[in-house]
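The structure appears right after this line, and notes come after that.
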Amino acid sequence: MSPEAYRPLLLKNIHRPDSASLAAYRESGGYRALERALKEMTPEQVIEEVKASGLRGRGGAGFPTGMKWSFMPKGPGEKYLVLNADESEPGTFKDRLLMERDPHLVLEGFLIGCYAVGCRHGYIYIRGEFVYPYRILMKAIEEARAAGFIGKNLFGSGYDCEITVYRGAGAYICGEETALLESLEGKRGMPRLKPPFPAQVGLYGKPTSVNNVETVANVPMIVEMGSSWYAAIGRPKNSGPKLYCLSGHVRKPGVYEFPLGVPLKELIYEHGGGMLRDLPLKAVIPGGSSVPILTADKVDVLMDFDSLAAAGTMLGSAGVIVMDDSVCIVDALLNLARFYAHESCGQCTPCREGTGWYVQILERLERGEGKSSDLDLLVDLSDRIQGNTICPLGDAVAMPVRSYVKTFRDEFQYHVDNKRCLAKPSPVLV
Amino acid sequence: MPDQPQPTDQVTLNIDGQEVTVPPGTNLIEAARKLGVEIPHFCYHPRLSIAGNCRMCLVDIEKVPKNQIACSTKVAPGMIVRTRSEKAIKAREGVMEFLLINHPLDCPICDQAGECVLQDYSFRFGTGGSRFEGEKVHGEKGVLLGPHIVFDAERCIKCTRCIRFCDEVTHTSELGYFNRGDHSIIGTFPGRSLDNLYSGCTADICPVGALTVKEFRFKKRVWFLKNTASICAGCARGCNVNLGIDENRIWRMKPRENDAVNGSWMCDEGRFSYQRYQVDDRLMRAVSAAEEAAGGGRDLQAESAWEQAAARLAEIARQHGGAAVAAITSGHATVEEQHALRELIQRVGGTRIALPVHEHGEDDDLLLRKDKTANSAGARLVGGANIKLEDLIAAVETGKIRALVVLREDVLEGLGERGKKMREALDFLLVLDWRATRTAQAADLALPVTAYGEQDGSLVNFQGRMQLLRPGLRPPGEADPAWKPLYEIAARLEGAPFEVPKSFREAFRRAVAQVPGLSGLDTPALGKAGVSIEPALTGRGGPSIEGRS
């Protein structure tokens, strides 16, 4: 697909002057979907439409959004929709773009979601460091409220909805939905045990659904254009547009929008402009730092949930990190392990203790003091962490560690045998 | 016919190849326990919320891809659980290895050694070795978190039981969880101190030696202690406790579980109450003021003391009538002692027995009672408190009472001049106590009795629950449980002859045979948990620990 062949849907407004303003958003047909949902559809119909669209959550797990909403109890009683704007996965910066450039798209999708699940007070949990997006979002909320899109009796439908924005203190774990809810309740952000799931016991003990920013941004177009139209975009069971965050050693890093299933190779070499300085491609992390790595010979894969799963990795947040052969893979893994060790909330034993242990072993390897047995130890520790922790943070570090060591074992062994790095320093850095 | 659980109220599952049937809602740790299968755990405590953070109780459940924690997993019909599959064992060994990498392994100097769950599990569920070769994360040692609790951060395995205890049981929330990753640490919030009324319980539930009790720390290795299952005598609650005893001394007191009385907890006031018995001024032998005044030895042989006491009481009763003899009993005395005192007074012809009230502070909504005597309910039940103390003192002052028997009460303390006059108005003051109190020193005859931890005895708590005090200490000198000298004196008075009980059990049987509401009871029935004998005694109100879990 050539860069011109696809017309963006999620990012269609971002290049407009003053794209964050209500006026600009209204000009492009903004809030028509909310009006339609409120006036012409029941909440159940909205959920059915989203279900039929095949929209899968864009936060990383890829769970069907309509189904998630349908888990919320029907009828009266307090319930909440929470927008997860805590984007903190390394290599992922798509939600920030949406909030900065098209906040009303996010708000409209969120309000439709609130209506669908029967929520009359939605919460937006935004990463504390996102000062700029926060200000833009607050301004957009003010505009929307003044226009009658937030508050009482929206579009004369009798439906009331308030929105509260909460700024997190900046912890990676608060992107995990239950830790987010703890933080939102004013407590230390640590994941909750499941069950009960948030749809039963969530924010303040009430049924709650938590959705990613990009996920809700898809909702207005589903309501306006219909589920069949939406489902035709992308691939079966992987429908709709997707934002891909391209970073690392490519000429044109950035956020790209294509249907789910764009070839990874095309993303790197066509849209991303190819390898920076033309050094050979060494590896790609396709879905944010927590997913297994792909070697250069494995990049002929489609960027959707199922294709990447079949390739032994994950779409995750679609944070594509490209590495050329100047990268020392041991150093890259150490960098990543340090991040997860620092961000482990410390609640459960394998993650709390295991992440720190990873760092010590990798530091040893980097110093040239490693042993061959360290490589097996790294893999074995991953086996003991993955699947045994409260939340997926343990998996998020265990998976790459196992994958890096297994995929690049020769390079790890080189560190052991030669007390130095196999990779040559990057000419860019030199 | 009592209600029998219906089959539909039960869930049958399979754990390690054995079928077990338990009520719905039971977690897998408890279900396995019923089979005698131990699922190791650190953070799980049956009286606290589920945290699920230690991951030690990971088990393998058929048709579930990932290991599940047994503490938060409820039983389901037909569930097949494996605690010893390769998958479960590998995970468990992993958790043990992870826990030990940053643990200081200072068992030789750790107070918890010998009763450390981490130590025990390391032996039973660990691999016996570690692959960790790095630098341990060090933490502060010997941090005083409050008046009684010392924290050793390096030993903490972050099970958060202590935090949950302060949040959920005492509702004081002094403790929090700070920092992240392997630098996570528990601690008090800024400006706070772990000084709630039950702070010692945090050390009890700490599975390792991270939280220790200041008063016990470094005093005694636990394997030297012999535990005696007894009752705290600090207030009318009667918390079930274990007395840790060695070298004829109580070194610590810890709560013993009893759902009907104290759950798993006890207050700090009760926990350290044993210290008040570790004094130098114990009464070791009978002391006669008359003998001393006559220039003879101060101490009397017990037999002579009983003879003298009987003679003086009989003489006063002859001269002034039986009503001139009265007694002050004590809520600190056992049922048997109170009953023996009552029998003695009745045999002399007396009728008046008063019970001093020791109430201070307030009842709280957990365990504490403002009645600081362990057996005031027992005294009322025995019928040993038929007159107010003030009326009795007035009767002494007006000369109506000429002889007074005082059991385990320092009645003159605090009375000042009035006490002096009261003493002068008495022809004979007989005191039975365990230490040389002001009243004992003023007595014509003071008889030594056992102190806490030195005798068997039954107590009735404020709920009407009869429980057993058990001895772990040898009494010093000639100190006996008070029922013995009281019966010995009574036996030396005129009247129908009776056998002096030769044992606590005989004394107990004698009391229950004569006290309405106690008939048919025997000591084995009381067991370690006691029995509820008189629900009407709960009339003074106050919540029970039952239902708080």
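Residue numbers begin at 1 in each chain, while the letters A, B, ... track the order of the sequences.
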Bottom line for Q347(A): the part with an atom under 4.5 Å from chain B's heavy atoms is both

Interatomic distance, CZ@R192(A) vs OG@S72(B), rounded to 0.5 Å, equals 14.5 Å

Output for pair (T349(A) OG1, M56(B) CE), nearest 0.5 Å, gives 9.5 Å

Under 4.5 Å to a heavy atom of chain A? For Q68(B) that would be neither

So, the part of L99(B) with a heavy atom under 4.5 Å from chain A: the answer is both

Original post:
With a cut-off of 6.0 Å (strictly less than), are more than 12 heavy atoms of other residues, nucleotides or ligands near CD of E140(B)?
Top reply: no

Under 4.5 Å to a heavy atom of chain B? For T389(A) that would be backbone

Any sub-3.5 Å donor-acceptor pair from R55(B)'s side-chain atoms to N388(A)'s backbone N or O? yes

For R180(B) and G170(A), the nearest pair of non-hydrogen atoms, with its separation, is NH1-O, 4.0 Å

- request: Give the intermediate values and the outcome of side chain to side chain contact (heavy atoms under 4.5 Å, CB included) for residues M190(A) and T160(B).
  value: CA-CA 13 Å; M190(A) 297 212 285; T160(B) 69; 5.7 Å; no

Open item on the list: The test is side chain to side chain contact (heavy atoms under 4.5 Å, CB included); show your working for T355(A) and D182(B) and say whether it passes.
Closed with: CA-CA 8 Å; T355(A) 50; D182(B) 52 15; 5.9 Å; no

Highest number of heavy-atom pairs under 4.5 Å with chain A among N102(B), I157(B), N179(B) belongs to N179(B)

> Under the 3.5 angstrom rule, does the side chain of Y177(B) hit a backbone N or O of R188(A) as a donor-acceptor pair?
Replying inline: no

Next item on the list: Could you tell me whether R131(B) and D376(A) have a side-chain N and a carboxylate O separated by less than 4.0 Å?
Entry: no

Applying a strict 4.5 Å limit to non-hydrogen atoms, the region of K187(A) in contact with chain B is neither

Taken to the nearest 0.5 Å, the spacing of R352(A) CZ from I101(B) CD1 works out to 9.5 Å

OG1 (T73(B)) and CG (L193(A)) are apart, to the nearest 0.5 Å, by 9.0 Å

Taking everything shown except K237(A) itself, do over 12 heavy atoms lie less than 6.0 Å from its NZ? no

With chain B, the option among K371(A), E363(A), Q386(A) that has the most non-hydrogen atom pairs under 4.5 Å is K371(A)

Ranking H183(B), K74(B), E133(B) by heavy-atom pairs under 4.5 Å to chain A gives rank one to E133(B)

On a heavy-atom basis, the closest approach of V95(B) and P350(A) is CG2-CG, 4.4 Å

Can a donor-acceptor pair be found, under 3.5 Å and without considering hydrogens, that links the side chain of R384(A) to the backbone of K90(B)?
yes

Quiz prompt | Heavy-atom check, side chain of E353(A) versus side chain of F132(B), under 4.5 Å | solution = no

For S184(B) and C345(A) the tightest heavy-atom approach is OG-O, 3.8 Å

One option among D380(A), L381(A), I385(A), I173(A) has the most heavy-atom pairs under 4.5 Å with chain B, and it is D380(A)

Applying a strict 4.5 Å limit to non-hydrogen atoms, the region of D383(A) in contact with chain B is side chain

Whatever's closer than 4.5 Å to a heavy atom in chain A on I50(B) counts as both

